[in-house]
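Data block below; observations after.
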Amino acid sequence: MLALTASLAWADGLGSLQAFIQNTRSGRADFTQTVTAPPRDGKPGRVKTSSGAFEFQRPGKFRFDYKKPFVQTIVADGKTLWLYDADLNQVTERQQAQVLGQTPAALIAEATDLRALQADFTLTAEPARDGLQWVKALPKAKDGQLQQVQVGFDGDKLAALEILDSFGQRSVLTFGAMQLNPQLPASAFEFKPPAGADVLRQ
């Protein structure tokens with residue numbers, strides 16, 4: 001009976017998203033990101049691939065550690081969003097509340113229920129593909145940099161993000177087997193600019 005209830009709950013992407021939000025307080029996975037630029041002058045867009053590790057903890061904390069081909073770190077500690085580019089030795093610091101509301105991060109780490117998400121996004125279930133259940137999220141604000149996000153789930157596990165921005169650039173993140181609800185140290189979401197790094201506050 002429980003298995004039947006679970007399969008019904010995950011019958012579509014919205015059910016999977018709801019289960020993910022309700023049941024997952026933290027998570028950890030490796031990821032691969034493929035970014036495809038929009039076509040230009042009749043030529044296909046350039047493709048860039050990167051990879052690294054991802055952790056999050058609700059509400060509002062997450063960390064992306066890009067390891068290949070360039071080292072980059074993105075940390076949200078609940079108040080501040082930090083972006084560190086190791087090659088440039090540069091840190092960008094932003095108020096988290098001003099930048100996260102209508103980003104893919106809100107779908108993963110910020111929201112505590114579907115209603116909160118529906119204040120910022122129009123959510124619809126999409127047909128299953130690639131063995132995953134999908135949700136499309138369209139931002140309600142029309143002046144942002146995000147055109148749409150599709151979120152793919154394997155049961156209640158986050159498996160993929162497909163992001164289309166307002167410039168026509170497409171980013172696809174695929175996550176390895178995600179650990180659900182691991183105990184993550186507080187230090188995972190702390191960030192201190194490295195000595196000598198330029199810090200830009202926006």
Side-chain angles (χ1 to χ4, degrees), residues 13-14 16-17 29-54 56 62-76 81-110 117-118 120-154 158-176 178 193 197-202:
L14 281 172
S16 294
L17 176 60
D30 291 333
F31 71 89
T32 300
Q33 178 175 346
T34 304
V35 178
T36 306
R40 264 191 190 168
D41 305 323
K43 297 177 182 176
R46 287 188 305 162
V47 178
K48 296 178 182 176
T49 302
S50 52
S51 60
F54 168 66
F56 76 92
F62 62 88
R63 182 183 191 101
F64 283 93
D65 280 310
Y66 288 82
K67 297 171 183 174
K68 294 178 181 178
F70 305 109
V71 175
Q72 245 187 10
T73 305
I74 302 172
V75 179
L81 180 71
W82 305 90
L83 169 60
Y84 171 56
D85 187 313
D87 277 0
L88 298 176
N89 199 23
Q90 182 174 290
V91 176
T92 305
E93 176 189 340
R94 296 178 182 169
Q95 290 297 309
Q96 191 168 322
Q98 294 174 2
V99 289
L100 280 197
Q102 297 202 340
T103 68
L107 293 160
I108 302 171
E110 194 75 13
L117 270 182
Q118 286 167 333
D120 290 321
F121 294 94
T122 300
L123 302 172
T124 52
E126 291 285 289
R129 59 184 165 86
D130 305 326
L132 304 178
Q133 304 293 336
W134 292 87
V135 176
K136 182 190 286 184
L138 298 175
K140 291 186 175 178
K142 301 302 180 190
D143 55 354
Q145 292 188 354
L146 196 63
Q147 194 169 320
Q148 72 168 41
V149 182
Q150 293 197 51
V151 191
F153 292 96
D154 181 2
L158 177 68
L161 280 175
E162 296 184 358
I163 304 155
L164 183 65
D165 71 19
S166 56
F167 303 105
Q169 179 172 270
R170 188 168 181 265
S171 301
V172 178
L173 284 95
T174 53
F175 297 94
M178 181 162 286
D198 290 329
V199 180
L200 307 177
R201 291 180 172 85
Q202 297 184 350

Sequence neighbours left out, cut at 3.5 Å: what donor-acceptor pairs do the side chains of residues 158-175 make with other protein atoms?
residue, atom, partner, partner atom, Å
Glu162, OE1, Arg129, NH2, 3.0
Glu162, OE1, Arg170, NH2, 3.3
Glu162, OE2, Arg129, NH1, 3.2
Asp165, OD1, Phe167, N, 2.8
Asp165, OD1, Gly168, N, 3.1
Asp165, OD1, Gln169, N, 2.9
Ser166, OG, Gln145, O, 3.4

Between [X] and [Y], what is the shortest heavy-atom contact and its length?
| X | Y | value |
| --- | --- | --- |
| Gly13 | Ala125 | N-CB, 4.3 Å |
| Pro127 | Trp134 | O-CD1, 3.8 Å |
| Asp65 | Phe31 | O-CE2, 4.1 Å |
| Gln147 | Leu138 | O-CD2, 3.8 Å |

Contact between [X] and [Y] at the side-chain level, heavy atoms closer than 4.5 Å - yes or no?
| X | Y | answer |
| --- | --- | --- |
| Val91 | Trp82 | yes |
| Leu81 | Phe62 | yes |
| Leu146 | Phe121 | yes |
| Tyr84 | Ile74 | no |
| Asp85 | Gln72 | yes |

So side-chain hydrogen bond (donor to acceptor under 3.5 Å, both in side chains) across residues 31-45, not counting sequence neighbours, yields Gln33-Tyr66
Rounded distance (nearest 0.5 Å) linking atom [atom1] of [X] with atom [atom2] of [Y]:
| X | Y | atom1 | atom2 | value |
| --- | --- | --- | --- | --- |
| Met178 | Asp154 | CE | CG | 11.0 Å |
| Asp198 | Thr92 | CG | OG1 | 10.0 Å |
| Gln118 | Leu14 | CD | CG | 7.5 Å |

Only counting residues at least two apart or in another chain, list the ones meeting side chain to side chain donor-acceptor pair (under 3.5 Å) with Glu93.
Arg201
Could you give me the CA-CA distance, side-chain angles and deciding distance for Lys140 and Asp120, then say whether side chain to side chain contact (heavy atoms under 4.5 Å, CB included) is met?
CA-CA 6 Å; Lys140 291 186 175 178; Asp120 290 321; 6.0 Å; no
Check: Lys68 side chain, Thr49 main-chain N or O, donor-acceptor pair, under 3.5 Å
no
